[in-house]
Chemist: 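Take this structure, written in structure tokens, and hold onto it; I'll ask about it next.
Numbering of residues begins at 1 and proceeds along the displayed sequence.
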Amino acid sequence: MVFTVGVRAQPPPPARWADAGLVSGEAVELDVRAARLGSRVLALLIDLVAQLVVAMLLSAGLSVLVAILPGDLMDAALAGALQLVVLVLVLVGYPVLMERFAAGRTLGKLAVGLRVVRADGGPVGVGQSLTRALVGVAVEWPGLVLPLLSWAASVTVMLTDPRGRRLGDLVAGTLVVHTRGAGVWRPAPPPVPPLLGWAATLDLTRVDDGLALAVRQYLGRLHQLAEPDRSRLGRGLWAEVAAVTSPPPPWAAPEPAYLAAVLAERGRRAAYRLGRARAVTATLWPELTSAPATAASATLRPAVPTQPDPVRGQPTSVRAGR
């Protein structure tokens, strides 16, 4: 039996949550956020560290090259030209090559979860990456033309642009977006300790994987559901679980507490069975495992369940019936 119920999520996020303005080929607006000043500055700081490392490596290679070249070939003009090449490779070559071979991402953008795309959402091209880099070096960072004034202009443009674009993005026709969703993954709530003893006595043989997955998804999304749909869905799932498990709970508690206890006990028993199987495998074929069989069996030894005393309300040891 599959229990189906319509649920109503909590109020949707503000309209500016997906503010990148990207539309798919089917005319559907994509749920993509544009990167703002804070995340882009953090990515820039990481890239500066990476560029410093690249500059040190290139400078070391340049020093070796100067050392092996004959003295009559190396003069001040050639040394200056080599240093200029290193500077261009660090400031321009690094972002262009990284965005070309890492799908629009540098090391800083990879760490922060950003990506450069075209204004229409397509992949960024080499010409656009080169334009962004040249504009950035000239008027943004390090800002070869009027550094202080260009920095102030760049920050002003990013703060006032609806999609947080900088001067290089406006000239190249690009956009920086977040590649990671804004939702926060939350684990299932832990079981209530007084219910652990009751859960240890349950017969869970008829709780199939589909029902267990439905319970897990409900508990993981519990904070996203609004009343009264959250309570109605919890009661429906608990009715399904109670129909295939026994004995019934000893006292009344919220449905999510029952479901969390049943799910935790099912996971504990699965881990115990897996430990026993690994212990048998380690005994028969020790070359297939790196850990001793005794360690595997001791790690997943079943815990002694407890059940509250109906008279005193204190937990007492019981024997788990499986």
Chemist: Which pair of non-hydrogen atoms, one from V126 and one from R100, has the smallest distance, and what is that distance?
Modeler: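 Smallest interatomic distance, heavy atoms only, reads CG2-CD, 3.3 Å.
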Chemist: Pairs of donor and acceptor atoms involving the side chains of residues 41-58, under 3.5 Å and at least two apart or interchain, shall be tabulated with distances.
Modeler:
from: D47; atom 1: OD1; to: Y94; atom 2: OH; distance (Å): 2.8
from: D47; atom 1: OD1; to: T106; atom 2: OG1; distance (Å): 3.1
from: D47; atom 1: OD1; to: G108; atom 2: N; distance (Å): 2.7
from: D47; atom 1: OD2; to: T106; atom 2: OG1; distance (Å): 2.7
from: Q51; atom 1: NE2; to: V90; atom 2: O; distance (Å): 2.9

Chemist: Do side-chain atoms of S39 reach the backbone of A35 as a donor and acceptor pair under 3.5 angstrom?
Modeler: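 Absent.
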Chemist: Main chain of R36, side chain of R163: is a donor-acceptor contact present, judged purely on distance under 3.5 Å?
Modeler: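 No.
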Chemist: Keeping E140 on the side-chain end and L167 on the backbone end, is there a donor-acceptor pair under 3.5 Å?
Modeler: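 Looks like yes, one N/O pair under 3.5 Å.
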Chemist: Got a sec, which residues hit salt bridge (charged side-chain N to carboxylate O under 4.0 Å, His left out) with R105, two or more places apart in sequence or on another chain?
Modeler: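 None.
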Chemist: Take W198 and Y258 through the side-chain contact (heavy atoms from CB on, under 4.5 Å) test and state the conclusion after the steps.
Modeler: CA-CA 10 Å; W198 161 75; Y258 294 140; 4.2 Å; yes
Chemist: Suppose the criterion is ring pair (Phe, Tyr, Trp, His ring centres under 6.0 Å): which pairs have a residue in residues 129-175, not counting sequence neighbours?
Modeler: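 Counting only pairs at least two positions apart or across chains, the ring pair (Phe, Tyr, Trp, His ring centres under 6.0 Å) contacts touching residues 129-175 are W141-W151.
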Chemist: Side-chain heavy atoms under 4.5 Å apart, restricted to Ile/Leu/Val/Met/Phe/Trp/Tyr: what other residues fall into the cluster of L213, or is it alone?
Modeler: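 Other cluster members: none.
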Chemist: Please confirm whether the backbone N or O of G113 pairs with a side-chain atom of T179, one donor and one acceptor, at under 3.5 Å?
Modeler: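 Answer holds: yes.
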Chemist: Applying salt bridge (charged side-chain N to carboxylate O under 4.0 Å, His left out), can you list everything that pairs with R118, at least two apart in sequence or on another chain?
Modeler: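 With sequence neighbours excluded, R118 shows a salt bridge (charged side-chain N to carboxylate O under 4.0 Å, His left out) to D120, given in chain and number order.
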Chemist: Does any N or O in the side chain of Q128 come within less than 3.5 Å of the main-chain N or O of G125, such that one atom is a donor and the other an acceptor?
Modeler: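 Side chain of Q128 to backbone of G125: a pair is present.
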Chemist: Given 3.5 Å as the limit, does a donor-acceptor pair link the side chain of Y218 with the main chain of R230, or not?
Modeler: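 Pair found, side chain donor or acceptor close to backbone of R230.
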Chemist: Side chain of T160, backbone of V157: donor and acceptor closer than 3.5 Å?
Modeler: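 It does hold such a pair.
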Chemist: Hey, could you give me each pair passing side chain to side chain donor-acceptor pair (under 3.5 Å) that has a residue in residues 168-178? Not counting sequence neighbours.
Modeler: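 Residue pairs with at least one partner in residues 168-178: R40-D169, R132-D169, R132-T174, D169-T174.
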Chemist: Is a side-chain donor or acceptor of S150 paired with a backbone partner of V139 at a separation under 3.5 angstrom?
Modeler: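 Between the backbone of V139 and the side chain of S150 there is a qualifying donor-acceptor contact (under 3.5 Å).
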